[in-house]
Amino acid sequence: MIETAFTPWASLSGGVLIGIASTLLMLFAGRIMGATGVLAGLFQPASGSDFAWRAALLAGMVSGPALVWLVSGEMPAIEVPVSTPALVIGGLIVGVGVTFGSGCTSGHGVCGMARLSPRSFVATAVFMASTLATVFIIRHVIGG
Amino acid sequence: MKLLVLYLIGLVFGVGISISGMANPAKVLNFFDIAGVWDPSLAFVMGGALVTTFVGYKLVFGRSAPVFENRFALPTNRSIDAKLVGGAAFFGAGWGIAGFCPGGALPALGTGRWDVILFTIAMIGGIFLARFSQSLAARSVAPAS
C-alpha cells in the first residue's frame with residue numbers, strides 16, 4: 001500500500017479536460033468518448049475510415065504523458081502497488097467485464113451519465129460498488 | 001484534417017487522464033480504500049468530467065449533426081439486464097485488483113512502462129475472450145444460417 005497525496009486541483013482540472021475531450025469528440029465525430037468502445041472497435045473496424053479515427057484518437061491519448069512531460073518536466077506519476085499476477089488477472093477481468101458491460105469509467109461513468117442514460121447509471125453504480133468491495137476484501141479481509 | 005482534430009481530442013483526453021491521477025493505480029486504489037489510506041481526489045476527476053460533459057453535450061445536441069458526420073452515433077440499447085450488471089460487476093472486480101481502468105491505462109501506455117503494457121495486453125485478451133464466448137453463445141442460439 002502506498003499513501004498518496006490529496007490533489008483536488010490537479011484532479012479537478014484533469015477531469016475538466018476529460019470532459020472537454022468528450023464534448024469535442026461528440027461535436028466533431030458524434031461519438032461517445034469511451035476507452036473501451038474506441039479500443040474494441042479498432043480490432044473489428046466497420047471500415048478503413050472507422051479504423052483511422054480510432055487510431056488517431058488513441059495516438060493522441062498515448063501522447064498525453066509526453067506532453068505533460070514537455071510542459072512540466074516530469075512524467076505523470078504511476079505507482080503500481082499490486083503484484084504482476086494481479087495486473088494480469090485484473091487486466092483479463094477488466095477486458096471481459098467491459099465487453100459484457102458495454103463500457104467502462106469513461107463510457108458509462110462520464111459520457112453515459114452525462115446523457116442521463118439509465119443503463120449507464122446502473123453500470124456505474126454497480127462497478128463503483130464492486131471496486132469498493134474488491135479493494136476492501138483485498139486490503140482489509142485478506143490482507144488485514 | 002479530420003484525423004488531426006481526432007488526434008488533438010485524444011491528446012486533450014490523455015493529458016486530462018495524466019494530470020488527474022486516473023492513470024495511477026496507487027491513487028485509484030486509495031480512492032476506493034475508504035477504510036484505509038483514503039484519497040478522495042478521484043471524486044474531483046469524476047465530478048469535473050461529468051459536469052463538463054453534461055454541459056458540453058447540452059450545447060452539442062443543439063446541433064442537428066456532428067461536424068464530420070451525418071448523424072450522432074449514440075448507443076440504442078436500453079435494456080438493463082444481467083449482461084450489463086454482471087459485466088459492470090466483473091469490471092469493478094478487475095479494476096479493484098489491478099488499479100487500472102481502460103481510460104487510465106491507454107494514455108499511460110505513453111510512459112512506456114512495462115506494467116502498463118502488460119495490463120493492456122491482458123485487458124485486450126479479456127476483450128477477445130468475452131467476444132469469443134459471445135459468438136459461441138450466439139451460434140448456439142441461432143444455428144446455421
Side-chain angles (χ1 to χ4, degrees), chain A residues 2-4 7-8 10-12 14-19 21-28 30 35-36 53 56-57 60-65 68 76-81 86-88 90-101 104-106 110 114 122-123 126-127 130-132 134-135, chain B residues 3 6-7 9-16 18-21 24-27 30 32-33 37 39 41 44-45 48-49 52-54 56-57 60 66-69 72-73 80 83 87-98 101-103 106-107 109-111 115 119 122-123 126-127 130:
Chain A
I2 302 169
E3 285 206 37
T4 51
T7 54
S11 291
L12 185 65
V16 169
L17 285 179
I18 294 167
S22 307
T23 302
L24 290 177
L25 186 64
M26 189 59 78
L27 172 64
F28 284 98
T36 299
W53 77 261
L57 192 69
M61 289 185 188
V62 173
S63 310
V68 170
I78 297 182
E79 303 143 290
V80 180
L87 274 180
V88 173
L92 265 173
I93 297 177
V94 165
V96 171
V98 295
T99 306
F100 280 102
C104 56
T105 327
S106 47
V110 176
V122 171
V126 170
F127 70 66
S130 168
T131 312
L132 198 72
T134 305
V135 171
Chain B
L3 293 182
L6 282 155
Y7 174 82
I9 294 172
L11 187 61
V12 173
F13 183 86
V15 169
S18 298
I19 64 176
S20 72
N24 186 353
K27 236 172 146 49
N30 286 355
F32 288 103
D33 193 7
V37 286
D39 174 358
S41 305
F44 289 78
V45 186
T52 307
T53 310
F54 179 78
Y57 275 9
V60 171
V67 177
F68 294 151
E69 309 287 334
F72 293 105
I80 292 169
K83 206 176 129 198
F90 226 68
F91 162 48
W95 197 17
I97 291 170
C101 61
L106 293 179
L109 283 174
T111 63
D115 37 17
F119 170 86
M123 176 177 80
I127 292 174

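Please read all numbers here as calculations on a predicted model, not as lab measurements. Each chain gets a letter, A, B and so on, in the order the sequences are listed, and its residues count up from 1.
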Fill in the blank from the handout: When rounded to the nearest 0.5 Å, the distance separating CE of B:M123 from OG1 of A:T99 is 9.5 Å
Practice task
For A:T134 and B:I97, indicate whether the former's side chain and the latter's backbone hold a donor-acceptor pair under 3.5 Å.
Solution key: no
Practice task
Would you please test B:L6 and A:L25 for side-chain contact (heavy atoms from CB on, under 4.5 Å) and show each step?
Solution key: CA-CA 7 Å; B:L6 282 155; A:L25 186 64; 3.4 Å; yes
Fill in the blank from the handout: dist A:L24:CG -> B:T53:OG1 (nearest 0.5 Å) comes out at 10.0 Å
Exercise for the section: Give the member of A:A10, A:A123, A:P76, A:A56 that has the highest number of heavy-atom pairs under 4.5 Å with chain B. Expected result: A:A56
Problem - Under 4.5 Å from a heavy atom of chain B, the part of A:S106 involved - result: side chain
Completion exercise
Pair count under 4.5 Å, heavy atoms only, with chain A: among B:G92, B:G96, B:G103, highest is B:G92
Practice task
For B:S41 and A:P8, indicate whether the former's side chain and the latter's backbone hold a donor-acceptor pair under 3.5 Å.
Solution key: no
Handout entry: Under 4.5 Å from any heavy atom of chain B - which part of A:V122
Key = side chain
Practice task
Give the ring-plane orientation class for A:F127 versus B:F91, where under 30° counts as parallel, over 60° as perpendicular and anything between as tilted.
Solution key: perpendicular
Practice task
Output the option from A:S22, A:P65, A:A35 having the highest count of non-hydrogen pairs under 4.5 Å with chain B.
Solution key: A:P65
Practice task
Compare every heavy atom of A:G19 with every heavy atom of B:T52, then report the nearest pair and how far apart it is.
Solution key: CG2-C, 3.7 Å
Problem - Separation between CD1 of A:I18 and OG of B:S18, rounded to the nearest 0.5 Å - result: 9.0 Å
Exercise for the section: State, with a plain yes or no, whether a side-chain heavy atom of B:Y7 is found less than 4.5 Å away from one of A:S63. Expected result: yes
Problem - Partner chain A: residue of B:I80, B:T111, B:I9, B:L109 with the largest heavy-atom pair count (under 4.5 Å) - result: B:I9
Problem - Considering all heavy atoms, the nearest B:P102-A:V98 contact - result: CG-CG1, 4.1 Å
Completion exercise
Max heavy-atom pairs within cutoff under 4.5 Å with chain A, candidates B:G56, B:G14, B:P66, goes to B:P66
Problem - Top of B:F90, B:F72, B:Y57 for chain A proximity - count of heavy-atom pairs under 4.5 angstrom - result: B:Y57
Exercise for the section: Name the member of A:G101, A:A86, A:G91 that forms the most heavy-atom pairs with chain B at distances under 4.5 Å. Expected result: A:G91
Problem - Greatest number of heavy atom pairs closer than 4.5 Å to chain B - which of A:I93, A:T131, A:L17 - result: A:T131
Problem - side-chain contact (heavy atoms from CB on, under 4.5 Å) assessment of A:L27 paired with B:V67 - result: CA-CA 6 Å; A:L27 172 64; B:V67 177; 4.2 Å; yes
Completion exercise
Greatest number of non-hydrogen atom pairs under 4.5 angstrom with chain A, of B:A122, B:C101, B:A89, falls to B:A122
Handout entry: B:K27-A:T7 side chain donor-acceptor pair, cut-off 3.5 Å
Key = yes
Practice task
May I ask you to name which of A:L92, A:V68, A:V80, A:T36 has the most heavy-atom pairs under 4.5 Å with chain B?
Solution key: A:L92
Exercise for the section: Mind checking the CG-CG spacing from A:L87 to B:D115? Nearest 0.5 Å is all I need. Expected result: 6.0 Å
Handout entry: Interatomic distance, A:I2 atom CD1 to B:N24 atom CG [nearest 0.5 angstrom]
Key = 7.5 Å
Problem - Donor-acceptor contact below 3.5 Å, side chain B:D39 vs main chain A:E3 - result: no
